[in-house]
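Before any comments, here is the structure.
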Amino acid sequence: QVQLVESGGGLVQAGGSLRLSCAASGRTFSSYGVAWFRQAPGKEREFVAAISWIGGGTSYADSVKGRFTISRDNAKNTVSLEMSSLNPEDTAVYYCAAGRTVFTTSWDRYDYWGQGTQVTVSL
């Protein structure tokens with residue numbers, strides 16, 4: 001079992017930055033691929049970024065490539081999402097998800113989810 005808790009969301013002006021964190025429980029966290037997804041009101045859940053459980057491989061949605069950076073610290077059981085050059089289209093609830101030996105953009109491959117953290121970008 002893995003429990004995930006996101007933090008770091010908030011209100012930011014367009015062009016600003018935020019850092020989201022995902023804290024995980026479980027001694028085998030290093031065996032889990034982790035991803036961030038987001039969901040805006042009235043829209044479907046959308047892949048944002050993923051990081052592999054081995055080798056540090058990463059994947060990004062085209063809409064955030066070059067602006068967001070995902071990283072992990074297995075010693076601290078945390079995954080972070082650095083977000084910069086934010087725009088109102090980035091407004092959503094951001095979810096951290098984990099799956100054992102998973103590295104994919106497909107949300108249904110991830111078994112564990114956090115409760116989400118709200119990111120609001122104003123003009």
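Residue numbers run from 1 in the order of the sequence given.
A search for side-chain contact (heavy atoms from CB on, under 4.5 Å) contacts involving Q3 returns S25, not counting sequence neighbours. Partners of W113 under the ring-ring contact (aromatic ring centres under 6.0 Å, His included) rule, at least two apart in sequence or in another chain, are F37. Every side chain to side chain donor-acceptor pair (under 3.5 Å) that K65 has, sequence neighbours left out, goes to D62. Listed by chain and residue number, nothing satisfies the side chain to side chain donor-acceptor pair (under 3.5 Å) test with D73 (two or more places apart in sequence, or in another chain). Residues that satisfy the side-chain contact (heavy atoms from CB on, under 4.5 Å) test with E44, not counting sequence neighbours, are absent from this structure. Residues passing the ring-ring contact (aromatic ring centres under 6.0 Å, His included) test with F68: none are found, sequence neighbours excluded.
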Listing, residues 99-112 side-chain donor-acceptor contacts under 3.5 Å, not counting sequence neighbours, or none:
unit_1: T104; atom_1: OG1; unit_2: S106; atom_2: N; d: 3.1
unit_1: Y110; atom_1: OH; unit_2: T104; atom_2: N; d: 3.3
unit_1: Y110; atom_1: OH; unit_2: T104; atom_2: O; d: 2.5

Under 3.5 Å, side-chain donor or acceptor atoms of residues 11-22 against the rest of the protein: list the pairs with distances, not counting sequence neighbours.
unit_1: R19; atom_1: NH1; unit_2: E82; atom_2: OE2; d: 2.1
unit_1: R19; atom_1: NH2; unit_2: S80; atom_2: OG; d: 3.1

Which donor-acceptor pairs under 3.5 Å do side chains of residues 116-123 form with protein atoms, sequence neighbours excluded?
unit_1: T117; atom_1: OG1; unit_2: G9; atom_2: N; d: 3.2
unit_1: Q118; atom_1: NE2; unit_2: A92; atom_2: O; d: 3.4
unit_1: Q118; atom_1: NE2; unit_2: T120; atom_2: OG1; d: 3.3

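In the hydrophobic clustering of this structure, V48 groups with I70; members are Ile, Leu, Val, Met, Phe, Trp, Tyr whose side-chain heavy atoms approach within less than 4.5 Å, directly or through other members. Cluster annotation: Y95 is not connected to F29 through the hydrophobic network of ILVMFWY side chains, with a link wherever side-chain heavy atoms come within less than 4.5 Å. Both M83 and V64 belong to a single network of hydrophobic side chains, linked directly or stepwise wherever heavy atoms of I, L, V, M, F, W or Y lie under 4.5 Å apart. In the hydrophobic cluster analysis, where Ile, Leu, Val, Met, Phe, Trp and Tyr join through side-chain heavy atoms closer than 4.5 angstrom, L81 is grouped together with L86.
For the salt bridge (Lys or Arg N to Asp or Glu O under 4.0 Å) condition, no pair includes a residue of residues 9-18, sequence neighbours left out. Residue pairs meeting the salt bridge (Lys or Arg N to Asp or Glu O under 4.0 Å) criterion with at least one member in residues 4-14: none, sequence neighbours excluded. Sequence neighbours left out, the pairs with a member in residues 85-97 that pass salt bridge (Lys or Arg N to Asp or Glu O under 4.0 Å) are R38-D90, R67-D90.
Counting all heavy atoms, side chain and backbone alike, S59 lies closest to F47 at O-CZ, 3.6 Å.
Checked options T78, V34, T58; the residue passing with R72 is V34 (criterion: side chain to side chain contact (heavy atoms under 4.5 Å, CB included)).
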